[in-house]
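Reading through the structure tokens given below for one structure.
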Amino acid sequence: MKKILLLLCFGACHLMMSAVGLTVTNLRVDGQLCPLGVGHEQPVFTWTVEDGGLKGVKQQSFRVDVYSNPRCSNRVWTSRNQISSNSWILGPELDGDGTIYYWRVTAWDNKGRQCISKTSSFIMGMKDLGWSDAKWLKGNHQEWDRQDGATVLRKQFTMDSKKKVLKARLFAAAKGVFEVYMNGQRLGREDHDGEYVYDELKAGCVDYRTEVPYMTFDVTDLIKKGDNMIGAQLTNGWWSGDITANVYNKPDLAFLAKIYVMFSDSTEMAYVTDNTWEVNNCGPVLYGDIYNGETYDARRNYEWTKVGSSSSGWKPAELYQGATDSISAFYGPTVMIRPQYEQSVQKVTVWEGTKQTGTTYGEINVKSNPVLDGKKGFVLHKGETAIFDLGQNMVGWPEITVSGNAGAEITCHFGEALNDNGSEDHMNDGPAGSVYLKNLRTAKATLRYILAGEAKGETYHPSQTFFGFRYVSMTASEDVTIVNLKGQVVGSDLDEYGTFECSDESVNKLYNNIRWSARGNFLSIPTDCPQRDERLGWTGDTQIFSRAACYTADMRTFYRKWMRDLRNCQREDGALPDVAPLGRYGNYGNAGWGDAIVIVPWNVYSMYNDTEILDENYEAMQHYMTWLQSNIDDTYSYNGAGTEYGDWLAFEELDPSYVSVCYYAYVADLMARISIILGKEEEPDQYNALASAIREEFRKRYVIGHHLVVKSQTAYVLALHFNMLEEEIDYENAKKELREKIVSNGYCLSTGFIGTAYLCQTLSEYDMEDLAYDLLLQRKNPSWLYEVDNGATTIWERWDSFKTGEGFNKHEWNMNSQNHYAYGVIAEWLYRDMLGLGADYEDAGFHHIVLAPKPDVREESELPPGQKRIDWARGSFMTPYGLLSSEWRRDKDGKIRYTFEIPFNCKATFYRTLPNGLVQKLELETGKWSF
Ligand code: BGC
């Protein structure tokens, strides 16, 4: 519909060259560097080739070789030379349990140069061995009212002292979150740099009805000749707490393990969980639960995981009686503490008692503002409360260094904000200045730590829960010295490669807030909010933000894993849930939510050229499409999915059926494209025909005399973006009316989750960038910068979650997360439109880049009051082929200058808007370009 005047022009640009030679790096198996426990039948191998920006150079071919030895002399598989510019291949089906393989990639370019990568490795999971009669052992569900110790299990076993261990692996699975220990050492893994690191909240969140993931540990160097002790600890996790109580009903926990040892004489040995194991509750974790927090008694310890430790209180372990099938290898990025994002305390406020201010709760009575420098600390007296402000709303837990008497107890609560004036009218739940906890709803999110009484002080962080917080509120049962407190960020260990910056500091803050919301909500699954009693994988939020997320971080494996969760939850009739894995809330079959089954794989495919994710989900997508077809009534044949959410949280009403029909057309279109990519024969035509039929009926329902009859901003956006209209005049009218709606709304948006997902993008698509910039830079409510101006450090659930001077949202106090990434979808527009880094669906993964930057070219006279034009913007991210970057800048002469870096193996079509409005089209190859 959009009119572009194309002018073909070559050579008007200047190319900078720097020949460095070919390099092949970033070797990953199933998305991970040197993974442990690879379980896919055929793992996916990926890598990056770089060439230093030489013009006209392309990868001609590549070869992947897999070896059984680190010297790479014993080859077990080769892809053979593949004439292709791809940087991924589906690997072989390899034998071996816990076997280590080595691999490398050779690439050749069209100038005859060859490059061989460094050798990388991976360790297979359990392949053929089976669990050798290992039995599931029972653990206790953890109750808030009965914090008497998490279940701990152990077994002492003896290794033949005459034999040399060649390799030893531990395979362990649990229903609940588990930890494993050997000979007093907590088990972690060596990362690709050789550092010993730990995965947290193992194994993570999955649909336990269909699979229980096992993890693989390399214990070759830990296992000793003679006696050894293996120990395990279990807490509720995503299996037995309130988070999934309506799905599983708080059942017993369970643990399964097998130690597999191969000796240098090729004999083998296995030790498995069975009724010779012992059980106790003597560990330091008294209680652990995702929503409610952790209680830890440091007077206890992990001595019981050592040979020769006390036998008191140990009883024979009980066998678990629940269902125990479907164990599969853990897949996806693990959850870790992410030290690079650690937060330090900005301010400490110690208060006791309140002052009357005429409001419901008054105001805290501040006693001091001690400085926390990690050395001397300050004494927190009984009766006082210390508030630690980390300056950033984050997800994870605190690491606390404290000293005091054995048995002294500190209690922490976690909040995203402070009560602003102490009145119920502002939805406050305590005196002004105290930590606001109301929006946590029923999540207790409480940390209790009982001191061991170490003379030198003691440092602790929880590990069986996580909190969404900026503020920690701490009290103590008796005087203790708080030496230090840090905010440890915990989440899925994703490579966050995206950068973005522009001349407007508020937009930079907004971008930073989006990054923090994504960081906090990608914890094993894509969650909606990390603080209250939800933390669920809402399918709508996920699909809306999925493309934006791929610009900022390497999401390929994370989403591939979550798609498995979503498929596992598909109902027999094909309907899909609102949350995956199933949890405390959510139904089945809602438009914009269940449609994630088609949209997320599509976005991942377009961003990474990953056809595997399309293939893997295709059947489930088809099943979903069949289910959609069954939603017929007396009047209409194409209703699409359910209408529970519509344009969720919008400021303007819209009939939810309208959203359902538009989404139906959208997923039908995507199915046509996907079926073409997968080489299906008949389906493309069928889905195209379906999409046309849906649109035809849509027009009967919603278009009269070339005008939409439904007139919300979202209605126009969806009609334009999903191409729901027919004639040019219909589009012209919709564009005009959308413009009028925005202008007459004082240049404010009125869209909810659904409309916002496509709002600025649609404006750019239909040559209305000026409005996209007007909305981006708007500061009135509702707008992105309204949040920034009101102190947000993450993205809020609602446009007006908090208003300075008015307090927290009055109507929906119980749905008021301050860390909810859906509206952060504007990051997609920043990358794709503002910087112009668009993927081409037909040549995906940025192999061909649609380079169409849309600088802010609004005339001074066009700027809404108070707005200042953006003068420059720059950003970059990693494509599967390497770093892609774009920058534009308005020079003193008013002309816009552009700089790009196009990765090796890629080409771009640069659509450059000239001052006269014409669009010049330039074909660019690999390298650095400036115009
Ligand atoms: C969640 C959302 C979700 C919505 C759907 C909320 O409780 O936090 O983000 O999409 O419910 O109704």
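We count ligands from 1, going down the list as the structure has it; atoms in each ligand are counted the same way.
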Among all protein non-hydrogen atoms, which one is nearest to [atom], and what is the separation to 0.1 Å?
atom                   : value
atom 8 (O) of ligand 1 : D528 OD2, 2.7 Å
atom 9 (O) of ligand 1 : D541 OD2, 2.5 Å
atom 5 (C) of ligand 1 : W538 CZ3, 3.4 Å
atom 7 (O) of ligand 1 : E534 OE2, 2.7 Å

On the six-membered ring of [Y], is [X] placed so that its NZ or CZ lies under 6.0 angstrom from the centre and within 45° of the ring axis?
X    : Y    : answer
R832 : Y551 : no
R535 : Y291 : no
R779 : Y786 : no

Cut-off 3.5 Å, side chains only: do [X] and [Y] have a donor facing an acceptor?
X    : Y    : answer
Q713 : E652 : no
H426 : E806 : no
N521 : D528 : no

Going by the order shown, which atoms of ligand 1 are within less than 4.0 Å of some heavy atom of [X]?
X    : answer
E797 : 8 (O)
H820 : 1 (C), 2 (C), 8 (O), 9 (O)
R532 : 1 (C), 6 (C), 7 (O), 8 (O)
M815 : 6 (C), 7 (O)

Do Y841 and Y605 have ring centres separated by under 6.0 Å? no
Given side chains that start at C-beta, do those of Y758 and Y666 come closer than 4.5 Å, heavy atoms only? yes
Using non-hydrogen atoms of the residue, decide whether E644 is closer than 4.0 angstrom to ligand 1. no
Ligand 1 contact by E812, heavy-atom criterion under 4.0 angstrom: no
Hey, is R564 close enough to E211 for a salt bridge, meaning N to O under 4.0 Å? yes
Only heavy atoms count here, so choose which of F753, Y645, W648 is nearest to atom 4 (C) of ligand 1. W648
Is it the side chain, the backbone, both or neither of R535 that has a heavy atom closer than 4.0 Å to ligand 1? neither
Can you tell which part of W593 has a heavy atom less than 4.0 Å from ligand 1: side chain, backbone, both or neither? side chain
